[in-house]
Amino acid sequence: MALLSPPHPLPAQFSASTASLLVRRRPTTACHVCTPKEAVHRVDPSALTLAESLSENELWAAACLRVRSFYQFKPSTFGLQDHRRYLAEREFEAMKERVGGKRKGFRRVSCINASVPLSQISSLSVSDEFCAECKFNKDGEDRVVVGTLDLNQCVSLPDEISGIKPEGIGADFARAYLSNVCVAKEMHRNGLGYALVSKSKLVAQEWGISDLYVHVAVDNEPAKRLYMKSGFVYENDEPAWQARFLDRPRRILLWFGIPGVQL
C-alpha cells in the first residue's frame, strides 16, 4: 500500500503553520543530485520516457517525489506519514493550479517528468516506499516518476531575481524559468537531470521561448555543473540582503538562449 495515497480530505490539525514546524523545505529551484556515497541503480535508457504531465495521477506522483526530495524530515516526528501526505496534497493542488493556468502572473506552466516502468524499478532493488509513492498508471502500464521539473512562462518567479532577456515587449511571453528540479535519490547518476533539462528546452522552443533561466544556490556545485553542462551561463547574483531576509542560501541566476527563436 502506498504510504502517500492519492488525495483525500486532510485532518484539521495539519495546517500550513503546523507543517512549517515539523519540516524544512529546500528551495524550489534546487537541483537534487547525487553524492559519492549513494548507490547507483542503472536505468535502461530505452525504457525512459520524458514528457509533459497530462494526467492528475502523474501530477500526484510528481508531487510525492518533490516531497521526498525537497523536505528534510525528523524520523521521530509524531504523525509523520499523515504530515507527508498533507505536504504532497498541498503541492499537488498548487501544481494543478499552475498547470491549469489559474496562477496569476504565469502565462503557461508545464510539469515535465521522467518516468520508467515499475517493472524495471522493482528489479533494481530500490525501496518499496519509493515505488509506491511515486507510481502512476498510463495506458494500463504502471510507471514511476523518477525526475521532475516545472517550466514556467512568466516575467519572473515569486521571491526570485528576474532575468533581463529579452528586453522590452518580449519579456512577458518569450522568457521562462525552470523550477522544482529534482531526481529521485535512488536514480542519481543516470543523467536524468540533464535529460529533463534538455526536454524542457525543446518544450520551451515549441512555446516560442527565446530565453530560459534557472536559479541555483551559490554553494550547490553539482547543480551548477549540471546547468553549465547544459549550456547555461551566469547572468546575475541575488543580493545578500534578500537571501538573509528569506532565510536561505544566496542564489545565482543562469541563462540559456534557445536557438532558432526570433522575436
**Student:** Checking Glu186 side chain against Phe130 main chain: does a donor-acceptor pair fall under 3.5 Å?
**Tutor:** no
**Student:** Let me check something: do Ile258 and Val197 share a hydrophobic cluster, defined by ILVMFWY side-chain heavy atoms less than 4.5 Å apart, either directly or through other members?
**Tutor:** yes
**Student:** Is a salt bridge present between Glu129 and Arg68, judged by a nitrogen-to-oxygen distance below 4.0 Å?
**Tutor:**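 A salt bridge links Glu129 with Arg68.
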**Student:** Can you see which heavy atom on Leu212 is nearest to which on Phe232, and at what distance?
**Tutor:** O-CE2, 3.5 Å
**Student:** Without swapping roles, check the side chain of Asp211 against the backbone of Arg175 for a donor-acceptor pair under 3.5 Å.
**Tutor:**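 Looks like no, no N/O pair under 3.5 Å.
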**Student:** So, are Arg251 and Glu160 salt-bridged, with charged N and O less than 4.0 Å apart?
**Tutor:**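 Yes, Arg251 and Glu160 are salt-bridged.
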**Student:** Cluster question for you: counting only ILVMFWY and a side-chain heavy-atom cut-off of under 4.5 Å, with indirect links fine, are Met95 and Leu54 together?
**Tutor:**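 No, Met95 and Leu54 fall in different hydrophobic clusters.
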**Student:** Charged N to carboxylate O below 4.0 Å: is that the case for Asp150 and Arg66?
**Tutor:** yes
**Student:** For Phe256 and Leu178, run side-chain contact (heavy atoms from CB on, under 4.5 Å): C-alpha distance rounded to whole Å, both residues' side-chain angles, the deciding distance at 0.1 Å, then the answer.
**Tutor:** CA-CA 11 Å; Phe256 177 81; Leu178 300 181; over 6 Å; no
**Student:** Say you draw a straight line from CG of Asp128 to CD1 of Ile121; how long is it, rounded to the nearest 0.5 Å?
**Tutor:** 12.0 Å
**Student:** Quick check: closest heavy atoms across Val144 and Cys131, and the distance to 0.1 Å?
**Tutor:**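 Closest heavy-atom pair between Val144 and Cys131: CG2-O, 4.2 Å.
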**Student:** Is the shortest distance from a Lys or Arg side-chain nitrogen in Lys102 or Glu97 to a carboxylate oxygen in the other one below 4.0 Å?
**Tutor:** no
**Student:** Does Lys96 come within less than 4.0 Å of Glu93, counting only side-chain N to carboxylate O?
**Tutor:** yes
**Student:** Measure the spacing between CD of Glu91 and CG of Leu59 and express it to the nearest 0.5 Å.
**Tutor:** 9.5 Å
**Student:** Please name the pair of heavy atoms, one in Pro117 and one in Ala47, separated by the smallest distance, quoted to 0.1 Å.
**Tutor:** CD-O, 3.4 Å
**Student:** Side-chain contact test, heavy atoms from C-beta onward, threshold under 4.5 Å: evaluate it for Asp159 versus Leu246 and give yes or no.
**Tutor:** yes
**Student:** Apply side-chain contact (heavy atoms from CB on, under 4.5 Å) to residues Asn236 and Trp255 and explain how you reach the verdict.
**Tutor:** CA-CA 9 Å; Asn236 202 358; Trp255 166 85; over 6 Å; no
**Student:** What I'd like to find out is whether the side chain of Asn190 reaches to under 4.5 Å of the side chain of Pro45, using heavy atoms alone.
**Tutor:**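 Asn190 vs Pro45: side chains apart.
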**Student:** Honestly curious: do Tyr194 and Tyr227 fall in one hydrophobic cluster under the side-chain, below-4.5 Å linking rule?
**Tutor:** yes
**Student:** Within this structure, what is the CZ-CG distance for the pair Phe136 and Leu118, rounded to the nearest 0.5 Å?
**Tutor:**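 With rounding to 0.5 Å, CZ (Phe136) is 10.5 Å from CG (Leu118).
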**Student:** Of the non-hydrogen atoms in Ser200 and Ile112, which two are nearest, and what is the gap between them?
**Tutor:** CA-CD1, 3.7 Å
**Student:** Could you measure the distance from the CZ atom of Phe173 to the OG atom of Ser210? Nearest 0.5 Å is fine.
**Tutor:** 7.5 Å
**Student:** Report the C-alpha separation of Phe245 and Gln242 in whole Å, then their side-chain angles, then the decisive distance to 0.1 Å, and conclude whether the side-chain contact (heavy atoms from CB on, under 4.5 Å) test is met.
**Tutor:** CA-CA 5 Å; Phe245 178 77; Gln242 182 173 331; 5.6 Å; no
**Student:** Quick one: does Gln120's side chain get under 4.5 Å of Val146's, heavy atoms only?
**Tutor:**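 No; the side chains remain at least 4.5 Å from each other.
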**Student:** Does the plane of the ring in Phe92 sit parallel, tilted or perpendicular to the ring in Trp60? Use 30° and 60° as the thresholds.
**Tutor:**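 The arrangement is perpendicular - the two ring planes meet at more than 60°.
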**Student:** Taking Tyr177 for its side chain and Ser162 for its backbone only, find out whether a donor-acceptor pair lies under 3.5 Å.
**Tutor:**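 No; judged by distance alone, with no hydrogens or angles, the pair does not exist.
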**Student:** Distance from Leu149 atom CG to Ser179 atom OG, nearest 0.5 Å?
**Tutor:**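 So the CG of Leu149 and the OG of Ser179 are separated by 8.0 Å.
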**Student:** Quick one: do Asp82 and Tyr86 satisfy side-chain contact (heavy atoms from CB on, under 4.5 Å)? Show the steps, please.
**Tutor:** CA-CA 6 Å; Asp82 284 337; Tyr86 160 77; over 6 Å; no
**Student:** Check whether Leu253 and Trp241 end up in the same hydrophobic cluster, where Ile, Leu, Val, Met, Phe, Trp and Tyr are linked by side-chain heavy atoms less than 4.5 Å apart.
**Tutor:**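 No, separate clusters.
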**Student:** Which distance, rounded to the nearest 0.5 Å, do you find between the SG of Cys134 and the CE of Met187?
**Tutor:**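 Between Cys134 SG and Met187 CE, I get 10.5 Å after rounding to 0.5 Å.
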**Student:** Verify the cluster assignment for Leu202 and Leu226: are they in a single hydrophobic cluster under the rule of side-chain heavy atoms below 4.5 Å apart?
**Tutor:**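 Different hydrophobic clusters.
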**Student:** Which atom pair, heavy atoms only, marks the closest approach of Ala204 to Leu151?
**Tutor:** N-CD2, 3.8 Å
**Student:** Do Leu196 and Thr148 make a side-chain contact, defined as non-hydrogen atoms from C-beta onward lying under 4.5 Å apart?
**Tutor:** no
**Student:** Under 3.5 Å, is there a donor-acceptor pair between the side chain of Gln205 and the main chain of Pro259?
**Tutor:**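 Yes; judged by distance alone, with no hydrogens or angles, the pair exists.
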**Student:** Examine distances only and state if a side-chain atom of Glu235 and a backbone atom of Gly163 form a donor-acceptor pair shorter than 3.5 Å.
**Tutor:** no
**Student:** Could you tell me whether Lys224 atom NZ has more than 12 heavy atoms of other residues or ligands within 6.0 Å of it?
**Tutor:** yes
**Student:** Between Asp142 (side chain only) and Lys135 (backbone N and O only), is there a donor and an acceptor less than 3.5 Å apart?
**Tutor:**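 Not a single qualifying donor-acceptor pair exists.
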**Student:** Would you say the side-chain atoms of Arg143 pair up with the backbone N or O of Lys138, donor to acceptor, closer than 3.5 Å?
**Tutor:**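 No, the answer is negative, given that no donor and acceptor are paired below the 3.5 Å cut-off.
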**Student:** Side-chain contact test, heavy atoms from C-beta onward, threshold under 4.5 Å: evaluate it for Arg42 versus Arg189 and give yes or no.
**Tutor:** yes
**Student:** Could you tell me whether the side chain of His215 reaches within less than 4.5 Å of the side chain of Leu157, counting heavy atoms only?
**Tutor:** yes
**Student:** Closest approach of Leu50 and Lys199, non-hydrogen atoms and distance?
**Tutor:** O-CE, 3.5 Å
